[in-house]
Amino acid sequence: DIRVYFDVKNDYISKFYRKGCVFMKLLGITKVLLFLIIDFYLLYQTLGIKTASWSIIVVVLGIWIFEYIDVMCNCGISLNKISGYEKIKLTNAYNHLADKIFDVEGKKIGKLRLYIIPDDSARAFSYGLHCIGVTRGLIQNVDDITLCAVLAREVYHKINLNAVFKRIIFMNMVVMMAILSINSIMVSVIIWILFFILCLLKLCGKRYFSYWITSGISKAFKGFFSVIQRVFVFIFKTGIGFFCRYSEYEADKYCAKLGY
(Lines give C-alpha, C1' and ligand atoms only; values in the text may rest on other atoms or scores of the structure.)
Protein backbone atom coordinates (compact mmCIF):
# COMPACT_ATOMS: atom_id res chain seq x y z
CA ASP A 1 0.00 0.00 0.00
CA ILE A 2 1.54 3.33 -1.09
CA ARG A 3 -0.12 5.22 1.75
CA VAL A 4 1.32 2.87 4.36
CA TYR A 5 4.75 3.14 2.74
CA PHE A 6 4.77 6.93 2.97
CA ASP A 7 3.42 6.87 6.53
CA VAL A 8 6.28 4.58 7.58
CA LYS A 9 8.80 6.69 5.66
CA ASN A 10 7.55 9.95 7.17
CA ASP A 11 7.64 8.41 10.64
CA TYR A 12 11.25 7.31 10.05
CA ILE A 13 12.23 10.78 8.81
CA SER A 14 10.53 12.39 11.82
CA LYS A 15 12.45 10.14 14.24
CA PHE A 16 15.69 10.92 12.37
CA TYR A 17 15.10 14.68 12.70
CA ARG A 18 14.34 14.35 16.41
CA LYS A 19 17.55 12.43 17.01
CA GLY A 20 19.41 15.03 14.96
CA CYS A 21 18.10 17.81 17.15
CA VAL A 22 19.20 16.00 20.32
CA PHE A 23 22.63 15.37 18.78
CA MET A 24 22.90 19.04 17.77
CA LYS A 25 22.16 20.20 21.31
CA LEU A 26 24.61 17.68 22.81
CA LEU A 27 27.28 18.81 20.34
CA GLY A 28 26.81 22.42 21.42
CA ILE A 29 27.03 21.51 25.12
CA THR A 30 30.06 19.29 24.49
CA LYS A 31 32.14 21.94 22.71
CA VAL A 32 31.38 24.51 25.43
CA LEU A 33 32.20 22.08 28.25
CA LEU A 34 35.37 20.98 26.46
CA PHE A 35 36.77 24.51 26.38
CA LEU A 36 35.77 25.13 29.99
CA ILE A 37 37.51 21.92 31.06
CA ILE A 38 40.66 22.89 29.13
CA ASP A 39 40.62 26.34 30.74
CA PHE A 40 40.16 24.81 34.19
CA TYR A 41 43.01 22.36 33.64
CA LEU A 42 45.44 25.04 32.46
CA LEU A 43 44.51 27.37 35.32
CA TYR A 44 44.72 24.51 37.82
CA GLN A 45 48.23 23.61 36.63
CA THR A 46 49.47 27.20 36.83
CA LEU A 47 47.49 28.92 39.62
CA GLY A 48 45.94 26.17 41.75
CA ILE A 49 42.50 24.68 42.15
CA LYS A 50 40.94 27.59 44.07
CA THR A 51 41.91 30.20 41.48
CA ALA A 52 40.93 27.86 38.66
CA SER A 53 37.50 27.23 40.20
CA TRP A 54 36.74 30.91 40.75
CA SER A 55 37.99 31.78 37.25
CA ILE A 56 35.61 29.28 35.64
CA ILE A 57 32.75 30.63 37.76
CA VAL A 58 33.59 34.15 36.54
CA VAL A 59 33.69 32.92 32.93
CA VAL A 60 30.29 31.23 33.24
CA LEU A 61 28.77 34.34 34.85
CA GLY A 62 30.38 36.44 32.13
CA ILE A 63 28.77 34.29 29.43
CA TRP A 64 25.35 34.85 31.01
CA ILE A 65 25.81 38.57 31.79
CA PHE A 66 27.35 39.54 28.44
CA GLU A 67 24.35 38.05 26.64
CA TYR A 68 22.19 40.79 28.14
CA ILE A 69 24.93 43.42 27.80
CA ASP A 70 25.01 42.71 24.06
CA VAL A 71 21.24 43.15 23.93
CA MET A 72 21.58 46.49 25.75
CA CYS A 73 24.40 47.62 23.44
CA ASN A 74 22.10 46.99 20.47
CA CYS A 75 19.31 48.93 22.22
CA GLY A 76 17.11 45.83 22.18
CA ILE A 77 13.47 46.34 23.16
CA SER A 78 11.70 43.36 24.69
CA LEU A 79 8.74 42.08 22.71
CA ASN A 80 6.60 42.47 25.83
CA LYS A 81 7.29 46.21 25.94
CA ILE A 82 6.08 47.09 22.45
CA SER A 83 2.71 47.05 20.74
CA GLY A 84 1.27 47.32 17.27
CA TYR A 85 2.12 45.81 13.92
CA GLU A 86 5.70 44.78 14.75
CA LYS A 87 4.70 42.87 17.87
CA ILE A 88 1.84 41.09 16.09
CA LYS A 89 4.03 40.08 13.13
CA LEU A 90 6.93 38.86 15.24
CA THR A 91 4.62 37.02 17.65
CA ASN A 92 2.84 35.26 14.79
CA ALA A 93 6.19 34.24 13.28
CA TYR A 94 7.36 32.93 16.64
CA ASN A 95 4.17 30.92 17.17
CA HIS A 96 4.35 29.49 13.65
CA LEU A 97 7.98 28.49 14.16
CA ALA A 98 7.20 26.91 17.55
CA ASP A 99 4.44 24.82 15.95
CA LYS A 100 6.74 23.82 13.09
CA ILE A 101 9.53 22.75 15.46
CA PHE A 102 7.06 20.73 17.51
CA ASP A 103 5.67 19.03 14.37
CA VAL A 104 9.10 18.16 12.96
CA GLU A 105 11.10 17.47 16.11
CA GLY A 106 8.40 16.65 18.63
CA LYS A 107 9.69 19.17 21.16
CA LYS A 108 8.93 22.68 22.34
CA ILE A 109 11.05 25.59 21.20
CA GLY A 110 12.30 26.16 24.75
CA LYS A 111 12.93 29.32 26.69
CA LEU A 112 13.31 32.21 24.29
CA ARG A 113 13.31 36.00 24.70
CA LEU A 114 12.66 38.08 21.59
CA TYR A 115 13.95 41.63 21.18
CA ILE A 116 13.38 44.23 18.49
CA ILE A 117 16.48 46.20 17.51
CA PRO A 118 15.75 49.79 16.38
CA ASP A 119 17.73 49.53 13.16
CA ASP A 120 16.60 49.88 9.55
CA SER A 121 18.93 47.16 8.27
CA ALA A 122 17.59 43.62 7.80
CA ARG A 123 19.46 41.58 10.40
CA ALA A 124 18.93 39.11 13.24
CA PHE A 125 21.10 38.05 16.15
CA SER A 126 21.40 35.12 18.53
CA TYR A 127 22.92 36.48 21.72
CA GLY A 128 23.45 33.27 23.65
CA LEU A 129 21.31 30.95 25.73
CA HIS A 130 17.91 32.63 25.51
CA CYS A 131 17.92 35.97 23.65
CA ILE A 132 17.28 36.58 19.95
CA GLY A 133 17.17 40.04 18.38
CA VAL A 134 15.47 41.06 15.16
CA THR A 135 15.89 44.48 13.58
CA ARG A 136 12.92 46.68 12.82
CA GLY A 137 14.04 46.84 9.19
CA LEU A 138 13.81 43.05 8.87
CA ILE A 139 10.29 42.92 10.31
CA GLN A 140 9.09 45.66 7.99
CA ASN A 141 10.67 44.38 4.78
CA VAL A 142 10.15 40.60 4.73
CA ASP A 143 7.07 38.41 4.54
CA ASP A 144 5.90 36.17 7.36
CA ILE A 145 7.50 32.95 6.04
CA THR A 146 10.87 34.64 5.52
CA LEU A 147 10.70 36.03 9.05
CA CYS A 148 10.02 32.51 10.33
CA ALA A 149 13.04 31.23 8.41
CA VAL A 150 15.27 33.95 9.90
CA LEU A 151 14.05 33.11 13.39
CA ALA A 152 14.69 29.41 12.69
CA ARG A 153 18.32 30.16 11.82
CA GLU A 154 18.79 32.06 15.07
CA VAL A 155 17.07 29.28 17.01
CA TYR A 156 19.64 26.88 15.53
CA HIS A 157 22.46 29.10 16.83
CA LYS A 158 20.73 29.16 20.22
CA ILE A 159 20.31 25.37 20.39
CA ASN A 160 23.88 24.78 19.24
CA LEU A 161 25.25 27.40 21.70
CA ASN A 162 27.22 29.10 18.92
CA ALA A 163 27.16 32.56 20.51
CA VAL A 164 28.22 31.08 23.87
CA PHE A 165 31.06 29.20 22.20
CA LYS A 166 32.33 32.29 20.39
CA ARG A 167 32.14 34.27 23.62
CA ILE A 168 34.30 31.69 25.43
CA ILE A 169 36.85 31.75 22.60
CA PHE A 170 36.92 35.56 22.69
CA MET A 171 37.40 35.63 26.47
CA ASN A 172 40.26 33.14 26.15
CA MET A 173 41.81 35.32 23.47
CA VAL A 174 41.55 38.45 25.62
CA VAL A 175 43.17 36.64 28.56
CA MET A 176 45.95 35.33 26.33
CA MET A 177 46.67 38.83 24.97
CA ALA A 178 46.70 40.23 28.50
CA ILE A 179 49.12 37.54 29.71
CA LEU A 180 51.49 38.18 26.80
CA SER A 181 51.34 41.96 27.36
CA ILE A 182 52.03 41.55 31.09
CA ASN A 183 54.94 39.19 30.39
CA SER A 184 56.37 41.64 27.88
CA ILE A 185 56.24 44.48 30.41
CA MET A 186 57.70 42.32 33.20
CA VAL A 187 60.63 41.16 31.04
CA SER A 188 61.35 44.74 30.02
CA VAL A 189 61.26 45.91 33.65
CA ILE A 190 63.56 43.09 34.76
CA ILE A 191 66.08 43.94 32.02
CA TRP A 192 66.18 47.60 33.04
CA ILE A 193 66.44 46.73 36.74
CA LEU A 194 69.45 44.52 35.97
CA PHE A 195 70.98 47.35 33.94
CA PHE A 196 70.46 49.78 36.84
CA ILE A 197 72.03 47.34 39.34
CA LEU A 198 75.03 46.79 37.05
CA CYS A 199 75.46 50.54 36.75
CA LEU A 200 75.39 50.93 40.54
CA LEU A 201 78.05 48.24 40.78
CA LYS A 202 80.03 49.96 38.04
CA LEU A 203 79.92 46.85 35.88
CA CYS A 204 78.35 48.44 32.84
CA GLY A 205 81.48 49.29 30.98
CA LYS A 206 80.86 52.27 28.69
CA ARG A 207 77.69 53.86 29.96
CA TYR A 208 76.05 54.84 26.64
CA PHE A 209 77.07 51.66 24.91
CA SER A 210 75.55 49.60 27.71
CA TYR A 211 72.39 51.70 27.56
CA TRP A 212 71.91 51.01 23.86
CA ILE A 213 72.54 47.29 24.35
CA THR A 214 69.97 47.15 27.15
CA SER A 215 67.48 49.13 25.08
CA GLY A 216 68.03 46.81 22.12
CA ILE A 217 67.48 43.71 24.24
CA SER A 218 64.30 45.20 25.73
CA LYS A 219 62.93 46.06 22.28
CA ALA A 220 63.83 42.59 21.00
CA PHE A 221 61.76 40.95 23.74
CA LYS A 222 58.87 43.35 23.10
CA GLY A 223 59.02 42.48 19.42
CA PHE A 224 59.08 38.77 20.25
CA PHE A 225 55.92 39.02 22.37
CA SER A 226 54.30 41.24 19.75
CA VAL A 227 54.91 38.60 17.06
CA ILE A 228 53.35 35.93 19.29
CA GLN A 229 50.29 38.16 19.84
CA ARG A 230 49.89 38.69 16.10
CA VAL A 231 50.12 34.95 15.50
CA PHE A 232 47.41 34.31 18.09
CA VAL A 233 45.21 37.03 16.58
CA PHE A 234 45.62 35.50 13.12
CA ILE A 235 44.75 32.03 14.42
CA PHE A 236 41.77 33.46 16.31
CA LYS A 237 40.39 35.34 13.30
CA THR A 238 40.92 32.39 10.97
CA GLY A 239 39.33 29.90 13.36
CA ILE A 240 36.35 32.12 14.19
CA GLY A 241 35.84 32.90 10.50
CA PHE A 242 35.77 29.20 9.63
CA PHE A 243 33.46 28.41 12.55
CA CYS A 244 31.06 31.24 11.61
CA ARG A 245 30.82 30.11 7.99
CA TYR A 246 30.28 26.50 9.02
CA SER A 247 27.60 27.41 11.57
CA GLU A 248 25.79 29.58 9.02
CA TYR A 249 25.67 26.70 6.54
CA GLU A 250 24.37 24.40 9.26
CA ALA A 251 21.73 26.99 10.18
CA ASP A 252 20.60 27.00 6.55
CA LYS A 253 20.27 23.19 6.67
CA TYR A 254 18.20 23.48 9.83
CA CYS A 255 15.86 25.91 8.06
CA ALA A 256 15.51 23.51 5.16
CA LYS A 257 14.78 20.67 7.57
CA LEU A 258 11.91 22.70 9.02
CA GLY A 259 10.58 23.34 5.52
CA TYR A 260 11.51 27.01 5.07
Side-chain angles (χ1 to χ4, degrees), residues 21-74 76 110-113 125-133 154-194 218 220-248 250:
C21 180
V22 173
F23 174 76
M24 181 173 61
K25 194 165 187 176
L26 287 175
L27 183 63
I29 295 172
T30 300
K31 67 187 179 186
V32 170
L33 287 178
L34 179 62
F35 265 83
L36 290 176
I37 290 170
I38 292 173
D39 286 345
F40 177 82
Y41 176 77
L42 293 175
L43 290 169
Y44 168 70
Q45 292 295 324
T46 54
L47 301 174
I49 188 169
K50 185 179 289 187
T51 303
S53 301
W54 279 109
S55 298
I56 295 302
I57 291 173
V58 170
V59 169
V60 173
L61 288 175
I63 291 170
W64 176 67
I65 292 171
F66 276 105
E67 177 175 356
Y68 295 95
I69 291 176
D70 285 345
V71 174
M72 292 172 59
C73 290
N74 285 337
K111 189 176 181 181
L112 186 63
R113 296 188 180 98
F125 311 90
S126 176
Y127 293 104
L129 295 171
H130 305 298
C131 301
I132 289 177
E154 302 311 317
V155 166
Y156 167 83
H157 293 306
K158 168 189 170 297
I159 295 173
N160 211 31
L161 301 179
N162 288 336
V164 174
F165 181 72
K166 287 191 289 186
R167 198 166 286 131
I168 292 175
I169 297 296
F170 177 75
M171 293 174 72
N172 275 269
M173 190 65 190
V174 170
V175 171
M176 183 62 66
M177 293 297 103
I179 290 173
L180 289 172
S181 296
I182 292 171
N183 285 335
S184 176
I185 294 171
M186 289 179 62
V187 169
S188 181
V189 169
I190 290 171
I191 289 172
W192 284 106
I193 288 175
L194 290 174
S218 177
F221 275 103
K222 286 182 180 179
F224 172 73
F225 283 108
S226 178
V227 169
I228 295 177
Q229 285 180 323
R230 292 176 185 274
V231 170
F232 273 110
V233 169
F234 174 77
I235 295 173
F236 169 76
K237 289 183 176 180
T238 303
I240 287 294
F242 175 79
F243 172 76
C244 288
R245 286 299 91 203
Y246 175 78
S247 61
E248 293 301 327
E250 292 299 311

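We number each residue from 1, following the sequence as shown.
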Assess the residue pair Tyr246 and Glu250 against the criterion (side-chain contact (heavy atoms from CB on, under 4.5 Å)); give the C-alpha distance rounded to whole Å, side-chain angles, the decisive distance to 0.1 Å, and a yes or no. CA-CA 6 Å; Tyr246 175 78; Glu250 292 299 311; 3.7 Å; yes

Let's go through Gln45 and Tyr41 carefully: what are the C-alpha distance in whole Å and the side-chain angles of both, what is the deciding distance for side-chain contact (heavy atoms from CB on, under 4.5 Å) to 0.1 Å, and is it a yes or a no? CA-CA 6 Å; Gln45 292 295 324; Tyr41 176 77; 3.4 Å; yes

Go through the steps for Met171 and Ile168 under the test side-chain contact (heavy atoms from CB on, under 4.5 Å), then give the verdict. CA-CA 5 Å; Met171 293 174 72; Ile168 292 175; 5.6 Å; no

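In this structure, CD1 on Ile65 lies 12.0 Å from CG on Asp70, to the nearest 0.5 angstrom. One finds the CD1 atom of Ile228 at 12.0 Å from the CD1 atom of Ile179 (value rounded to the nearest 0.5 Å). Remark: Tyr44 OH to Ser55 OG distance equals 14.5 Å, nearest 0.5 Å. Note that NE2 of His157 is 4.0 Å distant from CD of Glu248, once rounded to the nearest 0.5 Å. A distance of 5.0 Å separates CD1 in Ile56 from CG in Asp39, rounded to the nearest 0.5 Å. The CZ atom of Arg167 sits 11.0 Å away from atom CG of Leu161, with the distance rounded to the nearest 0.5 Å.
Closest non-hydrogen pair, Val233 versus Met173, comes out as N-CE, 3.2 Å. Across every non-hydrogen atom of Ser247 and Asn162, the tightest pair is CB-ND2, 3.5 Å. Between Ser126 and Ala163, the shortest heavy-atom distance links the atoms O-CB, 3.4 Å. Minimum interatomic distance between Gln229 and Leu180 (heavy atoms only, all atoms of both residues): CG-CD1, 3.6 Å. Taking both residues in full, the closest heavy atoms of Glu67 and Cys131 are given as OE2-N, 2.8 Å, listed atom of the first, atom of the second, then distance.
More than 12 heavy atoms of other residues, nucleotides or ligands lie within 6.0 Å of CZ in Phe225, so this atom counts as buried by the packing criterion. By the neighbour-count criterion of 12 heavy atoms within 6.0 Å, atom CZ of Phe221 is sparsely surrounded, having that number or fewer from other residues, nucleotides or ligands. Within 6.0 Å of the NZ atom in Lys31, the count of heavy atoms belonging to other residues, nucleotides or ligands exceeds 12. Within a 6.0 Å radius of OH in Tyr68, more than 12 heavy atoms belonging to other residues, nucleotides or ligands are found.
Using cut-offs of 30° and 60° on the angle between ring planes, the pair Phe165 and Phe35 is perpendicular.
With Tyr127 as the partner, the side chain to side chain contact (heavy atoms under 4.5 Å, CB included) test is satisfied by one option alone out of Val164, Ile69, Asn74: Asn74.
When atom types are taken as modelled, the side chain of Ser181 and the backbone of Met177 share a donor-acceptor pair closer than 3.5 angstrom.
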